[in-house]
Structure formats: structure tokens, C-alpha cells
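Structure first, commentary second.
Numbers restart at 1 for each chain; the letters A, B, ... are given by sequence-line order, proteins then strands.
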Amino acid sequence: MNNQKRIHNANMNINNNVPLKKAKHFEDDEIDEENNMDNTGEGPETMQSSEKWSRPALPQINPKQDKVVFQQIDIDHYVSGEAFPGMPGPKLPPVSVMRMYGVTMEGNSVCCHVHGFCPYFYIICPRSFEKNNCDAFRLALDKAVLKDMRSNKENIQETVLEVEILERQSIMGFLGDDKQRFIKITMALPKLLAPAKRILEKEIVMNDFDFQDCRAFENNVDIDIRFMVDTGVVGCSWVEIPAGSYIIRSTNSNPNSESRSQLEIDVAFDKFIAHEPDGEWAKVAPFRILSFDIECAGRRGIFPEPKVDPVIQIANMIIRQGEQEPFIRNCFTLNECATIVGSQILCYDKEADLLGAWASFIRETDPDILTGYNINNFDIPYLIDRAKHLKVKNFEYLGRIKNLRSVVKEQVLQSKQMGRRENKYVNFEGRVPFDLLFVLLRDYKLRSYTLNSVSYHFLQEQKEDVHHSIITDLQNGDDQTRRRLAMYCLKDAYLPLRLLNKLMCIVNYMEMARVTGVTLESLLTRGQQIKVMSQLLRKCRTKGFVIPSYHTQGGEDQFEGATVIEPKRGYYANPITTLDFASLYPSIMMAHNLCYTTLFQPGTKIHVDEKDLERTPTNNAFVKSSVRKGILPEILESLLAARKKAKNDLKIEKDPFKRSVLDGRQLALKISANSVYGFTGAQVGKLPCLEISSSVTAYGRTMIELTKNEVEQKYTRINGYENDAVVIYGDTDSVMVNFGVKTLEKSMELGREAADFVSSKFIKPIKLEFEKVYYPYLLINKKRYAGLYFTKPETYDKMDCKGMFLLFFVYNLIKKLMVTKQPHFFIKNITTSQERCILRSPLYYNSFKILITIRLNYESYLILI
DNA sequence: CTTCGGCCCTAA
DNA sequence: TCAGTTAGGGCCGAAG
């Protein structure tokens, strides 16, 4: 069954590193296979040296009577040289096989091969093309695709598996209720989708029919996403393989297995149950999370290089998801090292032995998640490169597929959000690299991202301080100095686990994967769009819509964004009420039924009564929900309804772990709802629709304007109120109102009343909410203000500062200072740009000498006046 | 000396 | 192949 196995000369891989694909314009027929061949080899069997390291023993399983239930954590696919007997799908190899990896509630690891799932795409069906043409078309396209291949190393015999005519509708634009005919073309392998589309566009495949302007649909849907969408699997969900529907390929150390998982099974793609991650199935399996850190003996002043500088220590901590403390703590050291209470010390005389032992340790402990600090860009590539340099046998077999090497690839990710970022990526089939640094860069804005400052910031705890310049000296000392180094190394492995736990990263990311339907790994390696795309595809599938493949026509024109009300600058010594629209953009899309499927495009042949259309302020037209309810509004509704439910459950739930799951979920749901608008406006994206995004912002602009006017017209002395209300500022979805009242109670009461009053002027579910009162309030400029933040009259919640706040903060303090005649100081966390602002700013403001800053530690500054 | 565009960062 | 949006303040250096 080891059909992927290919024996390679070990030397080939040493100097012949993975080819860099990113810059090269590659041919479609050589993408996957070449990489695959490069990292295929004969991996070692998993050793079992210690009961403590291994997973709990796998119970006896009878495939006729026992079901297999596991939480999957990673999904991938491969090309097999043999069709699995008795499974659906093509009988002629090579065939594409999906793979799900996961863990049971008992902590046993599972690798599940899923057979018979094939990639496909759609094209619009030419008018005269009928059912009886399908077979001829299939043969013709198959022949054309085969001919198109330069080389056919895998000996592909059949490329087009099936051609059928289906009734579908394009998601783009309202075209009435009549379905159109589409041809669904099922291909043998994922990599054949692109050539098939290209050939259909460029060549005449069949003389009688013109396929050249038959636009392709869902051609660029990734096979992993396609599989998950079509089988109803979402990221990190539970999967049940019923008794009698699977075959056990191997258990544990059976040499026939392809995987290092304890249980390896084969199942057909339509024979398993994908549980929705709700209720009972919201639980989380006891995943093994490994955190590790390496130390290198570098040369003075030179950053360690794997070709020169040895790895001298590797510290490891493994924790089970849901538990508080690691159950494995150890440190692999080069040369003798004195013992450390609570940790196992493993000493080696030769570096190559140390590395080899560590790789065996990974295979034996079989972690599901790999973490640490900057492991993606430093520790992992360093270990792999170093092991390659020392020719350590079998080091690079670190994933869950026995004969696949983990190799380092350069990856360039570019987005407006993150900028240009070069990253290294290492494959660990079935294990998820979850670099804490990467998570922090994504989710938190910090002044410094060193492990030390991050630990201080979140845990109020610092590292063992060993400066990198003395690492080599400590290594060259005795077993006591190496012990000191090991303590340091262990702490660096431990802190990421503490931080993951404190910030609930794993739980939050799992919930995000479940809500959006993508794998855990793609949350870290891919952008925002794939999450919306996954949800869109799921909705489309149930409703018979298909999504056009994006063709690169450069988007040039920007669309207009939100209004920022001209601020009435000043210092307000009375309460300022803030009214906010809750989830403004999602609720606009819901209220006005804005969607791809409801967009009425000019020039459309379908007639729609004007009364059934809604014209947006940008003069786009969308059909009303009475005619057809949009998919985007439906997605948003279910996201927001689920969020409401999660928040309610959160109120009742007592168990702290379940609470954190629920809190992670409500957060994921909120972020997901907000990113739908961005998706429609992403002009270099999968499915931009500026009619939607520009209508959304235009509605937003009219709404904030209307809110301002309504409030200022109603709350006047003429109408019996204390003072004329003035909207002093507003940005996108909020207005700041000065009701001219003196007390917090009064300003809150008026705020609640005004919010309800204005809400009644809008269509459901648009809702203006009273949220907070600032008292006092300092408004310096657009996007720049500060004030004490009150949600209840008794006491303020916090001092809130927006924008480059420092000078205003200080201004406020000066006022106090002038009143109290007392020296003041405060400590504030600030970001890099604010720090620069302090350092650059004159020490005078409004002719007061204002500040001296003293750096206290990595995050806090003491500011004296 | 002023103006403007690029850059960086933030608000929402 | 991949990449969420626009508005806007403040600083800096180049051009005029």
C-alpha cells in the first residue's frame, strides 16, 4: 500500500534544496508532483522508548461494531498511485485522496484516508449542448488535457472523469428565479482544473460548440476547502466514521501504515458523519501541544548560522489541551548537564545524536500542535538545516506521514493589512505549526514583540536573563553552567504555553475555524478572504448557486468610505453622550438585502418591477427580500444570531473552560461578520463587488447624517429640553452629543432615549445604541480625543484615549495640576509610534513644560509633570 | 519659506 | 498564486 514511497539517494536532498516556486511562472502540470518527489523518502518507524512519552494505548477496535469518532485538526490531500479497492471514484490511477488527522476523546491519534472525492468546476452550458453530448465532450476535453501535458510522469490515463449538465444559478447578479444550465466537469486531480479551464478558453475542443466564452465557475476553489464544504466538515469539527463503513489499514507500529498516527483507516467520502460543532460536539479533544526552544552556540556578535554554529540544547514542554501543566518537561543537552528538579535532562556527546534523538522524540510523543516563540522562522528551519548539514539520518521526518520529509520553503505573503512579509514555512502533515509570535503579530498591537516583553505584558513575568553573548561561554563551562542554560531554555519553552493558555489562543482559533469553516492552519497561513469564501461556498451549495472564477481585470477606482463629522474641538467639562450603531455595516447589508444574488445589474434582460427594487444612495439597485433574500444577509444573520446565542450561553455557563470556548466563539462571530464588507470591497480579491461595498458606505453616510439631524432637531429648548443638543463629533458609526446637561445620570437617560428614538427611524435590524458617556471630554481633532469613559454614573470604567493621544492626555493632566497644584504622574502603556512621538515632541505644550518620561520596563513609562 | 506626496499609524 | 475596506492625522524630506 506504500504507493507514495519512493527511494531516494540521501545526497540528493542535501544540496538540492526545495526549488523556489514563487518567482517562477510554473507550468500547471508540474506544480505538486515535483515538490512531492523532493520531500518523499523512506521514513523511519516510530520508536517507543518511554511510556510517558507515548500516547495512551489504542483500544481494540472492531470495524464491524465500533465507530471511530475524532476531532480533526488538519486536512490535506495527496495523489495515490493506486485506487483503493471498493471505494468510489476513478478506478484508473493516479487518484486524489483526502486525508483527515485528529484525536479521539481518549487521546488516540487518527489518520483517516478519504477516498473518491474529486475536484470539479462548472462552465455555462452552450445553448445547443445536450445531455447526449456529454460523453463526446468528456472524451474531447480529456484528450486535449492529456495532449497539453508536457510530461506525464505519473502516467495519468484519464483526466476528465465526468461531465454532466446541472441546473444552477450564478451568484453574480439577480437573474430571476429560472435556473440556468451549467456543465459540471469533474477532473481526476486538483492540478488538472487550471489546464482544463485554460484549454476551454483558448482551444476549440469540440467543433460543434463554442466553449470559449463559457466562463468558468468555482475553478479556483482549493480542493481542501471544496472537500470540507461538500462534506459539511468545518475546521476542528468532530467526525464520526460509523461501524461497518471503514477499513482499518493499520494500528500503531504496523510497518504497512503510511502514517505515524495510532489508528489509520480508509473510508469513502460519502460514508462519514460530519458533526456540527454545537452542543455535545462543541467539546475539544485532549490535543497534545508541544512547545520547544533551541539554543545555539553562536560566535560573538554573529547571528547563528546552521552551517557553522551547533545546536546545544532543545527544551520541550508538552501539555494536553484543557490541562494546566505540562506532563512532559525535558531538555536535550549537548554534554553533561546537572539535574533540574521536575525536568528530565537528556545528555548527548554528539550534536548529531542530540538532533536524531529529538526527532525521535517528536515522532514518539506525536504532538498535534507545535508551538514556541518564532519557531516558524527560526527554530524549525535552523534544526532542519543543521541536521542536513550534519547529515543526521531521518531527522526531517517530523510529520505524521512516514515517508514525507519536512522541508523549509520561503513564502511571501503580501496584504494591505500586514504589508509585505517573508516567511518560512515547514510542512508537518497532520501537525499544526502554531507559532505564538505569529499569533501575537496578528492579533495584538504591542510595542515590542520579544518574548521577554510579551511575557511581562501579559503575565507580569520576565524571562531568565541570559544574554545571548554568554550562551557559548555557559556551554563551554561545566555541568553547572550548562544547567543554568537549560533552566533558561526550559523557561523559553514554558512561557509560550503559559501565554497560549492565558490568551486562550488555541480555543479562540479553534472557534474561528469552526465558525468560518476553514482549517486551523489556514487561519495562520492565509488571509481574511478565504474565511468569507468558505462561508459563501457553503451557503451557495445549499441554494444551487455557483461562484464565478475571478479573472484578473485590474480594479482601479476607489470607492468612497465613511463620513467623519467635522469636530467641534475643545475641552468639555460636562458629560458627552456617545451613540453607536451596533455592527453598522453588517446590519446595513441585512436591512437593505445587499448581496451578489440580489444585485440588479443594468442591462439585465429580466424585468423587475420598480417597486421590488431598492435603489441605494450610489444608485445601484438590489431586489427586495420579498423577491429574493440575499445570501450575504443570511450569512450575517446566522453569524449574529449565533453570537447572541453564544453570549447568552456565556451568561449561564459556569465551567471556566467552556466559558472561554464560548467567549472565543462570540468574538470569532463578531470578527467574521465585520469582514464580509471588506471581502466585497477587496478589489484584488476572489469576488469583489463594489456595488455592494460602496452602497454600504453610502448608506452609512446618510445614516450618520440623519442621526445628527434628528438628535439636534428633537433635543432643543423649544421642545422643552434643558438645552439645545449639539453633535460635536462623529466617525462612521458613532455620534458624540452634547446635551448640555451637567449630570451623568441625565446624560445617560437622554442617551438611551435618543438611541431608541433614532433607531425607530431605521429599518430592522439597524439599531442605534447608547453605549457610554465621556466626562470630561477633550476633542482635539478628527480621530483624536480623550476622556473618562462612563457606562454607569457611579464610577468611570477607564480613561479612554484615541489616536495619538499623549499630548491630550497631558493637557488634561495639566488642567488637574492647575486646579490641585499637586505634582502628578501616571504610568501608561504605549506603542512604538507613541514612543517616537514622546521622544520627538517638544517638551512644551501650550507653553507648559510638561513631561519627563522614564522607561520603567519594556511596556510602561512613568511620565512626570 | 511653503506645499505636497510618501510613509506610518490609527479610527472605525 | 496570494493579498479585507476607506478616512485621516502627523512627520519628514523633496521640490518649488
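As rounded to whole Å, 12 Å separates atom P of C:dC2 from atom CG of A:Asp224. Between the CG atom of A:Leu536 and the P atom of C:dG4 there is a distance of 15 Å, rounded to whole Å. Going from atom CE of A:Met736 over to atom C1' of B:dA11 covers 10 Å, rounded to whole Å. As a whole-Å value, the separation of A:Leu584 CG from B:dA12 P is 13 Å. What separates CD of A:Gln529 from C1' of C:dT1 is a distance of 13 Å, to the nearest Å. With rounding to whole Å, A:Asp731 atom CG is found 10 Å from B:dA11 atom P. Look at CD1 on A:Ile223: it is 16 Å from P on C:dT1, rounded to the nearest Å. In this structure, A:Glu691 places its CD atom 17 Å from P of C:dT5, rounding to the nearest Å.
Close to C:dG10, at under 4.0 Å from its OP1 or OP2, lies a side-chain N or O of A:Asn781. Checking the phosphate oxygens (OP1, OP2) of C:dG8, no side-chain nitrogen or oxygen of A:Tyr785 falls inside 4.0 Å.
Within a 6.0 Å sphere centred on NZ of A:Lys767, heavy atoms belonging to other residues, nucleotides or ligands number 12 at most.
Between A:Arg569 and A:Thr697, it is A:Thr697 whose nearest contact on DNA chain C lies nearer the 5' terminus. In this structure, A:Asp222 and A:Glu560 both approach DNA chain C, and ranking their closest nucleotides by distance from the 5' end singles out A:Asp222.
Applying the side-chain hydrogen bond (donor to acceptor under 3.5 Å, both in side chains) criterion to A:Tyr425, with sequence neighbours excluded, gives A:Glu521. Looking at residues two or more places apart in sequence or on another chain, you find no salt bridge (Lys or Arg N to Asp or Glu O under 4.0 Å) involving A:Asp435.
Contacts of A:Lys686 with the nucleic acid, taken as non-hydrogen atoms under 4.0 Å apart, involve only primed sugar atoms and P, OP1 or OP2. Residue-level contact check: A:Gly561 touches the backbone only, with heavy atoms under 4.0 Å from sugar-phosphate atoms and none from bases. Residue A:Phe559 is classed as a sugar-phosphate contact, given heavy-atom separations below 4.0 Å to backbone atoms only.
With C:dT5, C:dG9, C:dA7 as the choices, the nucleotide that has an atom nearest any side-chain atom of A:Val564 turns out to be C:dA7. Ranking C:dG8, C:dT6, C:dC2 by closeness to the A:Gln558 side chain, first place goes to C:dT6. The side chain of A:Lys802 lies closest to B:dA12 when the candidates are C:dG4, C:dG8, B:dA12. Closest approach to the A:Ala682 side chain among C:dG4, C:dG9, C:dA3 is made by C:dG4 (side chain taken as heavy atoms from C-beta onward). Of all nucleotides listed (C:dG10, B:dA12, C:dG4), C:dG4 comes nearest to the side chain of A:Gln528.
Side-chain atoms of A:Thr519 and A:Ser522 include a donor-acceptor pair closer than 3.5 Å.
Cation-pi check for A:Lys772 over A:Tyr789 is not met; the charged atom does not lie both under 6.0 angstrom from the ring centroid and within 45 degrees of its normal.
A salt bridge links A:Lys802 with A:Asp800: at least one charged nitrogen is closer than 4.0 Å to a carboxylate oxygen. Using a 4.0 Å cut-off between charged side-chain N and carboxylate O, A:Glu560 and A:Arg701 make a salt bridge.
Here the closest heavy-atom approach between residue A:Cys595 and residue A:Phe622 is recorded as O-CE2, 3.5 Å.
Interface residues of residues 587-599 of chain A facing DNA chain B, ordered by number: none; criterion, heavy-atom separation under 4.0 Å.
To the nearest whole angstrom, the two P atoms, one in C:dG4 and one in B:dA12, are 22 Å apart.
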